[in-house]
Amino acid sequence: MKKIVLVDGNSIAYRAFFALPLLNNQKGEYTNAVYGFTTMLLKVLEMENPTHMLVAFDAGKETFRHQTYAAYKGTRQKTPSELSGQIPLIHDVLKAFSIPRYEAKSYEADDIIGTVARRAAKEDYKVVVVTGDKDLLQLVDQNIEVVLTKKGMSEVDRYDEAAIHERYGLTPTQIIDLKGLMGDSSDNIPGVPGVGEKTALKLLAQFEDVETVLASIDQVSGKKLKERLTENQEQARLSKKLATIFTDMPLEETLDAFTYTGYDEEQVRAVFRELSFHSLLERIGQGEAPEESSDFAPLPYEVVKKPEEKHFASPSALVVEMFAEHELQGDLIGMGVANENGRFFFPVDVALSSPLFQDFITSATVEKWLFSAKQSIVALEKRGLSLQGVTFDLQMASYLLDPSVSAEEVGDVAHRKEMKVVRSDEAVYGKGAKRHIPDEDELSEHVCRKASALYELKPLLANELAENKQDELFYELEMPLSLVLAKMECTGIKVDIAQLKAMGKDLSARIAVLEREIHAEAGVSFNINSPKQMGTILFETLALPPVKKTKTGYSTSADVLEKLRDAHPIIELILHYRQLVKLHSTYIEGLLKVVDATTHKVHTRFNQALTQTGRLSSADPNLQNIPIRLEEGRKIRKAFIASKPGWKIVAADYSQIELRVLAHICGDENMKRAFLEDMDIHTKTAMDVFGVSEQDVTSAMRRTAKAVNFGIVYGISDYGLSQNLGISRKEAKDFIDRYLVSYPKVKEYMEDVVTKARKKGYVETLLARRRYLPELNSRNFNQRSFAERTALNTPIQGTAADIIKMSMVQMDKRLQTSPLAATLLLQVHDELIFEVAKDDVASLKALVLEVMEHALPLDVPLKVDVSSGDSWYDAK
DNA sequence: CCCTACACGC
DNA sequence: GACGTACGTGTAGGGA
């Protein structure tokens, strides 16, 4: 049986555009409509398995309908440019799928579809029309079905004659009469004024079609309706005519011209790659994976047995290949170098035993370009080699150019630049249980391809940094910082294992007691760590009132439990249990797992190219979330001690750095004055928001004010604030409004920054760190609101990150040239942790204050609190 | 092996 | 008026 699928191109594109958020591909072109269109296409191909296929588009503006009725589609808004720009991309997709498209001057897509549908039906084809436009339902007959997309694009409704009758009580041809009576505002078809869908359906149920209705006006019930029908007879006839799809347009092609025999996977994959449709690439199957080396042009390289001068030209791209997730644990498995003389692979033993190679690594004057320099520095340091002369880090460059695209390996950057020369690590090494080191041929080629890509990509990204005016950020801040972080990671921080174990023992005992008590209260034994089981116990067995649901069941989160505190004694016990279990599993057991057994140190890894705001992150272990708020947890900090006898821990933290940055950026006089006079900012905010004097600020007011300040800094919404304070959203909004009245320039800044960001596409910090916010133009309220809050928040949080990073670089420099016996150990967003010889504590404190408070001069002073003690806990 | 829920910090 | 609401990392449970 022959089956033809007819797609209403414009309608589907239009629907997709409004159903999906504005996506873009790597080139910054919008692709949401293309994406939606393509997923629809794939679905249709899969479901219908057609022998013939055609996608129809509207051509030009004028159609024969305009000659009948000049105002046809007169009220329709101009197609947004974000959509019209995508139409050619949709054409590209169709071309790749080898699907014919059709457009004809002065006819609409509807007419093309109508004409082809009727002709095919006559020849006994099965016809399926795919559209978002209900008008096309009029085409349905025994051989013709219409598939209508629903709002979200993920679902469709399928109409045959029976389905139309069920939905409207009409035959397909009566759909035209329906339009004639009720009109269609989107096409500016008038219909009969005062007649909507309800009335029109009633009339048609009684009188069949428009002509019969008009001929029987006297039988119509309702005086007003009679009048309207009488007055608008001609308009009803015209409307019906306009709504009638033309099924007899001249068409030279025979149906054979629309034969569809399937698509060429390679072509489709190529266009998907072009459009960055990664999920769709996976969906159509891997086929010949794009990154298989057979796809690439051959790349000459040499496996070096005897290193020579020519292998080490300056500059060189250097790849220190490791087989590990973490730089501190894994084995080196090879070295790759690319430079003007070619590409070279060095087996590890060749490299490490060669004085020439060692000189290359340690020479500060031989320029080296790397991907994630810190990782290589740490790995080589562990083998006693001090990597010097690193002038470019490709990963860092990629991150600064656009922090939202994660580049985990050279191949990711190469791929973005359409440079198809390097395979992904996963393709070479495999993943999970199958991960392995390949034979030397494959390994050496992979490493050389990485080095080669690195060598070629460096100038491209260096250029982009310069164009963005991000050179200084890159060369003066992030590059030097990566060396400081490498040092910090290698140094590590000493942990008192005995102390941790003692705390663990105590916790285990108390957890066991709580566990028994909870089971006793519940009346049954269950796994308290399972939210699912706990939900059943609390809200079914004990029949407590459920407060909130998650998508898998009842929520048992702390804020829910807080609300149930008085309802049952078990709640208190559970909250306490959760607190202790968290401490035990994450902070005692978790930490003990990663402590070096011989040095008793933990070596966190700072990720310098990850967060969207410019902050660092810390992992294995994460030392940026060690408890502090509750005393119970804070005691964990007692286990972090200086690594040498007689040394102390010094902690220096910026006080209110984000709000100070905000005061500087927006220039609000009231806020600036608060900092210039060194007031307690939360009290000051409470005074302003509540309109009271300093002595009348209650602790509740201060708490509220603090939450509002917190909200400003983290860019939370009125809803978020209401959750934080346990108040209504209206009250929260009220607080924010009063806040903005007190600090008018903050309000101005909020509006300004969003407008500017919408225009430029990104926001930036004082040091030109960028974050792109394409969602500012989203029609999805949530996405747009989120982007707006981000636009306001990122320059604040990002600038604060810039400042503390500058402090770190400067502190490192000062410590190198000073006689102080002190080392920088950690950074926790607004805080630096050092260890220092006892006698140097005072001098270090003075130096830290001087450096941190003047790291970047603002219109308000930066304030730093410093303290010291035997442990991190005591430095408070 | 991946997802979800939860909880810790800033 | 609804919409689901900072950024990270780590642990445990639970279903494939």
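In what follows, every chain begins at residue 1, and chains take the letters A, B, ... in the order their sequences are listed.
For the C1' atoms, the distance linking dG9(B) with dC3(C) amounts to 29 Å, nearest Å. Comparing dA7(B) with dG4(C), their P atoms are spaced 23 Å from each other, to the whole Å. Nucleotides dA2(C) and dC8(B) are separated by 32 Å at their P atoms, to the nearest Å.
Taking only distance into account, the side chain of Arg578(A) never meets the base of dC6(B) through a donor-acceptor pair shorter than 3.5 Å. Scanning atom types as modelled, no donor and acceptor separated by under 3.5 angstrom connect the side chain of Ser585(A) and the base of dT11(C).
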Inset, instruction - Please lay out, stage by stage, how Tyr739(A) and Phe735(A) fare under the test ring-ring contact (aromatic ring centres under 6.0 Å, His included). - result: CA-CA 6 Å; Tyr739(A) 180 95; Phe735(A) 282 135; over 10 Å; no

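Residue contacts for Ser785(A): at a heavy-atom cut-off of 4.0 Å it reaches no nucleic acid atom on any strand shown. At a threshold of 4.0 angstrom between heavy atoms, the contacts of Arg634(A) with the nucleic acid are absent. Nucleic acid contact for Asn607(A): none, since no nucleic acid atom lies under 4.0 Å from a heavy atom of the residue. Using a 4.0 Å heavy-atom distance criterion, Gly711(A) is classed as making no nucleic acid contact. Across all strands shown, Thr790(A) has no heavy atoms under 4.0 Å from either base or sugar-phosphate atoms. Here Leu583(A) lies out of heavy-atom contact (under 4.0 Å) with every strand. When heavy atoms are screened at a 4.0 angstrom cut-off, Asn793(A) is found touching no nucleic acid atom at all. Among the atoms of the strands shown, base atoms are found under 4.0 Å from some heavy atom of Phe781(A). Here Gly720(A) lies out of heavy-atom contact (under 4.0 Å) with every strand.
A sub-4.0 Å separation between OP1 or OP2 of dA6(C) and a side-chain N or O of Thr613(A) is absent. Look at Lys532(A) and you'll find a side-chain N or O under 4.0 angstrom from OP1 or OP2 of dG15(C). Phosphate contact (OP1/OP2 of dG13(C), side-chain N/O of Asn529(A), threshold under 4.0 Å): present. Distances shown here put every side-chain N or O of Thr586(A) at or beyond 4.0 Å from the OP1 or OP2 atom of dT11(C). For dA5(B), one of the phosphate oxygens OP1 or OP2 lies less than 4.0 angstrom from a side-chain nitrogen or oxygen of Thr552(A). Put simply, Ser530(A) has a side-chain N or O that comes within less than 4.0 Å of OP1 or OP2 on dG14(C). In terms of phosphate contacts, Lys551(A) brings a side-chain nitrogen or oxygen within less than 4.0 Å of OP1 or OP2 of dT4(B). Phosphate contact (OP1/OP2 of dG13(C), side-chain N/O of Asn527(A), threshold under 4.0 Å): present.
For the pair Leu721(A) CG and dT5(C) P, the computed distance is 16 Å after rounding to whole Å. Whole-Å rounding puts the Ile716(A) CD1 to dG4(C) C1' distance at 13 Å. The CG-C1' distance, from Leu561(A) to dC6(B), rounds to 10 Å in whole Å. Rounded to an integer number of Å, the gap from Asp620(A) CG to dT9(C) C1' is 9 Å. Rounded to whole angstrom, the span from the CD atom of Glu788(A) across to the C1' atom of dC3(C) amounts to 14 Å. Distance CZ (Phe640(A)) to C1' (dC8(B)): 13 Å, rounded to an integer number of Å. We find that CD1 of Ile574(A) is positioned 11 Å from P of dA7(B), with the value rounded to whole Å. Regarding Gln612(A), its CD atom lies at a distance of 11 Å from the P atom of dT9(C), rounded to whole Å.
Geometrically, Lys548(A) does not engage Tyr554(A) in a cation-pi contact defined by less than 6.0 Å to the ring centre and at most 45° from the axis.
The side chain of Arg789(A) lies closest to dT5(C) when the candidates are dG10(C), dT5(C), dC10(B). When the nucleotides dG8(C), dG14(C), dA6(C) are ranked by their closest atom to the side chain of Gln533(A), dG14(C) comes out on top. Of the candidates dA6(C), dT9(C), dC3(C), the closest approach to any side-chain atom of Asn782(A) belongs to dC3(C). Checking dG8(C), dA7(B), dG14(C) against every side-chain atom of Ser617(A), the shortest atom distance belongs to dG8(C). Candidate nucleotides dC2(B), dC6(B), dC3(C) were compared by shortest atom distance to the side chain of Ser557(A), and dC6(B) ranks first. The side chain of Arg629(A) sits closest to dG9(B) out of dG9(B), dC6(B), dG10(C). For Lys582(A), the side-chain atoms get nearest to dG10(C) when compared with the rest of dC10(B), dG10(C), dG8(C). Closest approach to the Tyr719(A) side chain among dT5(C), dC10(B), dT9(C) is made by dT5(C) (side chain taken as heavy atoms from C-beta onward).
Between the side chain of Thr604(A) and the backbone N or O of Pro621(A), at least one donor-acceptor pair lies under 3.5 Å.
Within 6.0 Å of atom NZ in Lys501(A), 12 or fewer heavy atoms from other residues, nucleotides or ligands are found, so the atom counts as exposed in its surroundings. The 12-atom threshold is not exceeded at NZ of Lys747(A), counting heavy atoms of other residues, nucleotides or ligands nearer than 6.0 Å. Summarising the local packing, NZ of Lys706(A) is surrounded by 12 or fewer heavy atoms from other residues, nucleotides or ligands at distances under 6.0 Å. Counted within 6.0 Å of NZ on Lys876(A), heavy atoms from surrounding residues, nucleotides or ligands total more than 12; the atom is thus considered enclosed.
To the nearest 0.5 Å, the span separating CZ on Arg770(A) from OG1 on Thr765(A) amounts to 10.5 Å.
In a base pair of the Watson-Crick type (N1 to N3 plus N6-O4 or O6-N4) or a G-U wobble (N1-O2 and O6-N3), with each distance short of 3.5 Å, dG14(C) is matched with dC2(B).
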